[in-house]
Protein chains: 2
Amino acid sequence: MQNSLKNIFPNFSNELISTIEENGSLQDFETGTILMRTGQYIKNTVLITKGKIKIYREGEDGGEFLMYYLQPGQACAISMICTAKSEKSQIMAKVVEDVTVMMIPLQMMDKWMMEHRTWYEFVIDTYRSRFEEVLEVVDNIAFRSMDERLEFYLKRHSDTCGCQEVNLSHQEIASELNTSREVVSRLLKKMEQRGLVKLNRNQIELLK
Amino acid sequence: MQNSLKNIFPNFSNELISTIEENGSLQDFETGTILMRTGQYIKNTVLITKGKIKIYREGEDGGEFLMYYLQPGQACAISMICTAKSEKSQIMAKVVEDVTVMMIPLQMMDKWMMEHRTWYEFVIDTYRSRFEEVLEVVDNIAFRSMDERLEFYLKRHSDTCGCQEVNLSHQEIASELNTSREVVSRLLKKMEQRGLVKLNRNQIELLK
DNA sequence: AACGCACAGTAACATTTATCACAGAAGATT
DNA sequence: AATCTTCTGTGATAAATGTTACTGTGCGTT
């Protein structure tokens, strides 16, 4: 166990790993579980050790506008920021691949910042990388048109999962980009004509 | 001096105030100065004691897409995040009202986090509030149409400056919302017809 | 085989936003 | 006063995106 946590968070010191194991609790959640809801108070800092979590903003119409994904070795920046003041969450977090997470009581957050250099660095780095990711989202919606955003979206998918197939329906993609299915279908068809993708049912193959 | 810094940052402990005065340097910058540029390395953490700084993202066409403003008592979250790893900035920072800022060498950042509880809290709170502000920006561009965004923009202006007048040209507003002047003119005209604003040259009065 | 259902393609149309073209109004400069 | 510049207003048009409506297709269930 010590070993596996160390593998997933290689930068953590051994003492920190032990401390986490003493104070945190490992929990499993199934795909579809909503771990955090807009307006909800946050009671734990969350480290992901397995699976994948989607962080998104919910539109009035139920759209799930994608901010970013959390994967093993990462942590929820929002939960860190908010726990520090026990604030309300401003986003939604949904499990998209069965996860195992380490739940850490909020009091530990501050304490460890002072006691564990590697925790401090991890937290700062988490803030930085998530902030950057959100800035990139802003860039995309502010400056790019839908076809560019769609291409970017698909590229990001294949980058994070390491494969060339995106197994999502047009409807799901539309929801994450806050547009309609028809638009996604149209744009994908154009991309297919340009030879960038091959379209199958519930699957998009990236060719280039 | 000790007194004034304490007034602007009331939560800072007296020891922290003294430490800041020993290690930081006060600097003035005129309106129009660009304090930070996309891609530039960051060497200081910046505390604002006077004036106003605009944080924005630059479009290819030179647009200045507004993220948020920094005012006295606040700090640049980006500079804090990036200094910690001496990373490149992802944004632009421009003085929009002559400022006085306290520049703090990046080495202090980490050191004080451990030594000064009030600094730690300030930094965490800065992260949190800026993150939230950026999330709100995402909300606006993702889910709202231009007329709503314009109303929100004007409201935010009057909230932060405390007055009912916005002294900007339509062109400047258009740039910050990444749209064109014509669109802003038209939408403002509609708002005037609805009795929400009164339009003067280089000034918009908010009526409600 | 027949049916139901989620997914995908597409045409027609509506709406929003961007762009172009031009004109007038308010200040600033000479 | 005459001239210039910047800011604002507005019509015409184009382009992108959203909406409606309908069709077809693959797949699982009965």
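All chains are named by letter (A, B, ...) in the order of the sequence lines, taking the proteins before the strands, and each is independently numbered beginning at 1. Below, each value reflects all heavy atoms present in this structure, side chains not excepted, and no hydrogens, waters or symmetry copies.
- Following rounding to the nearest Å, A:Glu148 (CD) and D:dT17 (C1') show an atom-to-atom distance of 14 Å.
- Each of A:Asn202 and B:Ser145 lies near DNA chain C, and the nucleotide nearest A:Asn202 is the one positioned closer to the 5' end.
- Between B:Val137 and B:Tyr68 there is no side-chain heavy-atom pair separated by less than 4.5 Å.
- An OP1 or OP2 oxygen of C:dA6 is reached within less than 4.0 angstrom by no side-chain nitrogen or oxygen of A:His170.
- In terms of position on DNA chain D, the residue among B:Arg201 and A:Arg181 whose nearest nucleotide sits closer to the 5' end is B:Arg201.
- A residue-by-residue look at B:Gln193 and B:Glu172 shows that B:Glu172 has its nearest nucleotide of DNA chain D further toward the 5' end.
- A donor-acceptor contact under 3.5 Å is not formed by the side chain of B:Arg149 with the base of C:dT16.
- Taking atom CD on A:Gln203 and atom P on D:dG26, their separation rounds to 15 Å, with Å as the unit.
- The B:Arg186 side chain lies nearest to C:dA18 when the options are C:dA18, C:dT10, D:dA16.
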So A:Arg194 and A:Glu151, salt bridge (charged side-chain N to carboxylate O under 4.0 Å, His left out) or not? Walk me through it. CA-CA 12 Å; A:Arg194 286 197 289 149; A:Glu151 281 189 47; 2.7 Å; yes

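- Nearest-nucleotide mapping onto DNA chain C: of A:Lys189 and B:Val183, the residue sitting toward the 5' end is A:Lys189.
- The nearest whole Å value for the distance from the CZ atom in A:Arg144 to the C1' atom in D:dT17 is 18 Å.
- When the P atom of D:dG18 is taken as reference, atom CG of A:Leu177 falls 10 Å away, rounded to whole Å.
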Stepwise side-chain contact (heavy atoms from CB on, under 4.5 Å) test for A:Arg149 and A:Thr179: CA-CA 11 Å; A:Arg149 287 173 56 198; A:Thr179 182; over 6 Å; no

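- Using a cut-off of 4.0 Å between Lys/Arg side-chain N and Asp/Glu carboxylate O, B:Glu60 and A:Arg144 are scored as salt-bridged.
- For the pair A:Asn167 CG and C:dA8 P, the computed distance is 11 Å after rounding to whole Å.
- Looking at heavy-atom distances under 4.0 Å, A:Ser180 makes contact with a base.
- Rounded to a whole Å, the CG atom of B:Leu168 is 13 Å from the C1' atom of D:dC7.
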Quick one, A:Glu132 with A:Arg128, criterion salt bridge (charged side-chain N to carboxylate O under 4.0 Å, His left out). Give me CA distance, side-chain angles, the key distance, then yes/no. CA-CA 6 Å; A:Glu132 272 173 28; A:Arg128 192 184 52 73; 3.1 Å; yes

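- One interatomic measurement links the two molecules: CD of B:Glu182 to P of C:dA21, which rounds to 12 Å at whole-angstrom precision.
- For B:Leu199, the listed nucleotide lying nearest its side chain is D:dG9; candidates were C:dT16, D:dG9, D:dC7.
- The distance from atom CG of B:Asn178 to atom C1' of C:dT17 is 12 Å, rounded to the nearest whole Å.
- Within the 4.0 Å cut-off from OP1 or OP2 of C:dA18, at least one side-chain nitrogen or oxygen of B:Thr179 is found.
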